[in-house]
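In what follows, a single structure is set out as structure tokens and then discussed.
Any value given below was found using the heavy atoms of this structure, including those in side chains, with hydrogens, waters and symmetry copies removed.
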Amino acid sequence: AFLSQYPSPMEKHVTAVETVEEKTDLSTGIIYRKRIATCQNVIPEILRKVTICREIHVLKVPDIYLEEESWLNTQKRNMAMKTHCLTWTQYASLSEESVFRESLENPNWTDFTQKGRISVTGAGLLNCVLEAFAQSFLKQGVKKSIKIMETLLQEQCG
């Protein structure tokens, strides 16, 4: 279940997604995909005006780029995803790992686990402010992602 057209009313911050690599391992049947997502910059305007490192306004960009890799194993009924930010790599590290797998309790259920990492450097005293904003935004994103996945599954599976 993928959102295949962007922008989508379900995820308005994502404006485009391009699959840059897709292959199937014939021995395992695992489908690998690498995609680049273009997202609107959601950093509040007040923080975008902050100058970091010699008058460079690195936060004042219209778009943010994310790389997503996924491994879909249809035989074992699981999918793993890793996402990291390609924008601001010299100042920030944002990454997320998700796993969807068949529940041990009920094969009709899905267990979902997710973890993320955020680190901001080079912004002086604002490191903590930017990390707190990113953490809050990502927590909201997790809730939204679960709701989108539930909606897509409901539409496709009833």
Side-chain angles (χ1 to χ4, degrees), residues 1-43 48 58-123 127 130-158:
F2 295 99
L3 292 176
S4 57
Q5 295 193 351
Y6 291 92
S8 166
M10 288 185 174
E11 185 48 84
K12 64 181 181 179
H13 297 299
V14 178
T15 57
V17 173
E18 178 186 356
T19 300
V20 294
E21 185 177 353
E22 184 169 344
K23 59 187 175 184
T24 302
D25 183 322
L26 297 177
S27 64
T28 63
I30 294 174
I31 301 167
Y32 169 81
R33 283 190 184 102
K34 183 188 290 187
R35 305 186 317 163
I36 304 295
T38 304
C39 305
Q40 294 173 346
N41 186 347
V42 295
I43 293 178
R48 288 192 211 186
V58 296
L59 301 178
K60 198 169 189 165
V61 294
D63 296 318
I64 297 168
Y65 299 95
L66 304 173
E67 180 180 81
E68 173 193 272
E69 293 180 281
S70 65
W71 297 263
L72 175 62
N73 187 329
T74 56
Q75 293 173 359
K76 293 186 178 179
R77 297 180 50 155
N78 65 37
M79 183 172 76
M81 297 173 66
K82 289 185 178 183
T83 306
H84 69 273
C85 187
L86 299 173
T87 308
W88 307 313
T89 56
Q90 69 272 38
Y91 300 103
S93 172
L94 297 158
S95 64
E96 179 179 278
E97 295 179 21
S98 304
V99 176
F100 302 85
R101 71 181 65 212
E102 183 179 306
S103 172
L104 296 175
E105 292 180 46
N106 182 334
N108 294 318
W109 295 350
T110 301
D111 285 336
F112 169 64
T113 57
Q114 186 173 53
K115 61 183 174 181
R117 293 178 201 89
I118 303 164
S119 175
V120 179
T121 59
N127 287 351
L130 292 170
E131 284 180 7
F133 170 76
Q135 183 179 30
S136 172
F137 183 78
L138 291 176
K139 281 182 181 179
Q140 292 172 9
V142 168
K143 292 176 186 174
K144 185 182 208 178
S145 295
I146 292 170
K147 186 169 180 61
I148 288 171
M149 185 61 76
E150 287 175 346
T151 300
L152 291 172
L153 289 172
Q154 185 66 31
E155 287 174 0
Q156 293 181 10
C157 303

Between [X] and [Y], what is the shortest heavy-atom contact and its length?
X: E22; Y: T19; value: OE1-CG2, 4.0 Å
X: R77; Y: P107; value: NH2-O, 3.2 Å
X: N108; Y: N106; value: N-OD1, 2.8 Å
X: Q40; Y: I64; value: O-CD1, 4.2 Å
X: V17; Y: A37; value: CG2-CB, 4.1 Å
X: C39; Y: L66; value: SG-CD1, 3.8 Å

(request) Please check if the side chain of T38 supplies one atom and the backbone of T15 the other of a donor-acceptor pair under 3.5 Å. (result)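 Answer holds: no.
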(request) Using atom types as modelled and distance alone, determine if a side-chain donor or acceptor of T87 lies under 3.5 Å from a backbone N or O of Y65. (result)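 Looks like yes, one N/O pair under 3.5 Å.
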Gap separating the [atom1] atom of [X] from the [atom2] atom of [Y], nearest 0.5 angstrom:
X: F100; Y: T113; atom1: CZ; atom2: OG1; answer: 8.5 Å
X: N41; Y: H13; atom1: CG; atom2: NE2; answer: 10.5 Å
X: R33; Y: T24; atom1: CZ; atom2: OG1; answer: 8.0 Å
X: I31; Y: M79; atom1: CD1; atom2: CE; answer: 10.5 Å
X: S70; Y: M81; atom1: OG; atom2: CE; answer: 6.0 Å

(request) Report yes if the side chains of E97 and R117 come closer than 4.5 Å at any heavy-atom pair, otherwise no. (result)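 Counting from C-beta outward, E97 and R117 do come under 4.5 Å.
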(request) Taking the side chain as every heavy atom from C-beta outward, state whether S103 and D111 have any atom pair closer than 4.5 Å. (result)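 Contact flag for S103/D111 side chains = yes.
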(message) If the condition is side chain to side chain donor-acceptor pair (under 3.5 Å), which residues does K23 pass it with, not counting sequence neighbours?
(response)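 Partners of K23 by the side chain to side chain donor-acceptor pair (under 3.5 Å) criterion, ordered by chain and then number, come out as E21.
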(message) Checking R101 now: which residues fulfil side chain to side chain donor-acceptor pair (under 3.5 Å) with it, not counting sequence neighbours?
(response)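 Once residues adjacent in sequence are excluded, R101 has no partner under the side chain to side chain donor-acceptor pair (under 3.5 Å) criterion.
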(request) Could you go through the salt bridge (Lys or Arg N to Asp or Glu O under 4.0 Å) check for E69 and K82 one step at a time? (result) CA-CA 5 Å; E69 293 180 281; K82 289 185 178 183; over 6 Å; no
